[in-house]
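Here the structure comes first, spelled out in structure tokens, and everything after it is commentary.
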Amino acid sequence: MPTQTLTASFASDEGRTCPTPNLVLYDGQCPLCHRVVRFFLRVDRNRQLCYAPLQGKTARRIREHQEIPEDLSTVVYLRDFGLPSERIYERSSAVLSALADVGGLWWVVSWLRIVPRPLRDLVYGWVARNRIRWFGRFDSCPLPKRDHGGLFLP
């Protein structure tokens, strides 16, 4: 699959773009969310995903054109962002769809989509409500490692 970049209208102010049209928006101040992003970075060998914090400029600019939640207790996954086939996923569907796109053995885990979404999201919501109590909160978004910097938008 050829690499694509996000459309110029969604490039960061610094001119940075993602090498893939698949974007994960996450709570940049949540340690659990950072662990999930680090997990994706480790298993995404073909670099199918890019990342941006929900508190950042990229998410703010996307909200001008897309209906994505401002709720920081969720993760949003934009598959084929900026393309005619674009799809937006939230909560458990976002995580499972991103796992499907990462592929490999993780594609099998994405089959949990057969569990009805209300049930999946009930569990997701319980974790989301308790994540700050369990994992704490960062004062600001930690910076990505240098070798992953090209996969993050502000």
Side-chain angles (χ1 to χ4, degrees), residues 1-113 117 120-121 124 127-128 131-132 135 137-154:
M1 181 170 139
T3 50
Q4 302 169 353
T5 58
L6 295 178
T7 58
S9 62
F10 292 102
S12 71
D13 294 339
E14 300 86 21
R16 286 191 291 169
T17 58
C18 285
T20 174
N22 301 320
L23 181 63
V24 176
L25 300 175
Y26 65 97
D27 180 355
Q29 295 178 318
C30 169
L32 175 61
C33 300
H34 275 271
R35 288 179 182 167
V36 170
V37 167
R38 285 195 317 261
F39 165 79
F40 276 127
L41 288 167
R42 191 174 65 250
V43 300
D44 184 13
R45 292 191 174 102
N46 295 321
R47 298 295 184 233
Q48 295 296 309
L49 308 175
C50 282
Y51 310 89
L54 281 161
Q55 298 92 331
K57 295 177 189 177
T58 301
R60 212 172 13 258
R61 290 179 70 190
I62 291 171
R63 279 191 195 97
E64 294 172 5
H65 304 279
Q66 301 288 350
E67 289 187 38
I68 63 169
E70 294 194 31
D71 178 12
L72 297 180
S73 68
T74 190
V75 66
V76 178
Y77 179 52
L78 294 97
R79 177 188 283 156
D80 293 337
F81 177 65
L83 301 173
S85 58
E86 177 179 278
R87 295 280 315 238
I88 299 173
Y89 301 93
E90 297 174 29
R91 305 170 65 84
S92 65
S93 295
V95 174
L96 294 174
S97 296
L99 282 172
D101 289 343
V102 164
L105 182 60
W106 299 106
W107 178 80
V108 174
V109 176
S110 75
W111 278 78
L112 285 173
R113 289 178 287 183
R117 189 177 71 212
R120 290 190 331 250
D121 283 348
Y124 184 98
V127 172
R131 65 195 167 102
I132 302 303
F135 298 98
R137 186 155 203 76
F138 293 130
D139 291 331
S140 62
C141 298
L143 296 174
K145 291 182 180 178
R146 190 172 298 206
D147 56 336
H148 297 294
L151 298 174
F152 286 82
L153 293 176

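All figures in this text were calculated on a predicted structure; none of them were measured in a lab. Residue numbers run from 1 in the order of the sequence given.
For the residue pair Q55 and R60, the shortest heavy atom distance occurs at O-NH1, 3.4 Å. Here the closest heavy-atom approach between residue T20 and residue C50 is recorded as CG2-SG, 3.4 Å. For the residue pair D27 and C33, the shortest heavy atom distance occurs at O-CB, 3.4 Å. A pairwise comparison of heavy atoms in A59 and L54 identifies CB-O, 3.5 Å as the closest pair.
In this structure, Y26 and P53 have side chains that are in contact, with non-hydrogen atoms separated by less than 4.5 Å.
Within the 3.5 Å criterion, the main-chain N or O of D121 finds a donor-acceptor partner in the side chain of R91.
Taking the salt bridge (charged side-chain N to carboxylate O under 4.0 Å, His left out) definition, one finds that R79 meets it with D101, sequence neighbours left out.
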What's the verdict on side-chain contact (heavy atoms from CB on, under 4.5 Å) for F40 and L99, showing C-alpha distance, side-chain angles and the deciding distance? CA-CA 8 Å; F40 276 127; L99 282 172; 3.6 Å; yes
Go through it in stages, so that I can follow the logic: the residues are I62 and L78, the test is side-chain contact (heavy atoms from CB on, under 4.5 Å), and I'd like the CA-CA distance, side-chain angles, deciding distance and then a yes or no. CA-CA 10 Å; I62 291 171; L78 294 97; 4.2 Å; yes
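To the nearest 0.5 angstrom, L153 atom CG is 9.0 Å from L25 atom CG. Atom CG of D80 sits about 10.0 Å away from atom CZ of R87, to the nearest 0.5 Å. If you take OH on Y77 and CG on L23, they are separated by 9.0 Å, rounding to the nearest 0.5 Å.
Between L151 and the choices L49, L41, D44, V24, the side-chain contact (heavy atoms from CB on, under 4.5 Å) rule is met once, by L41.
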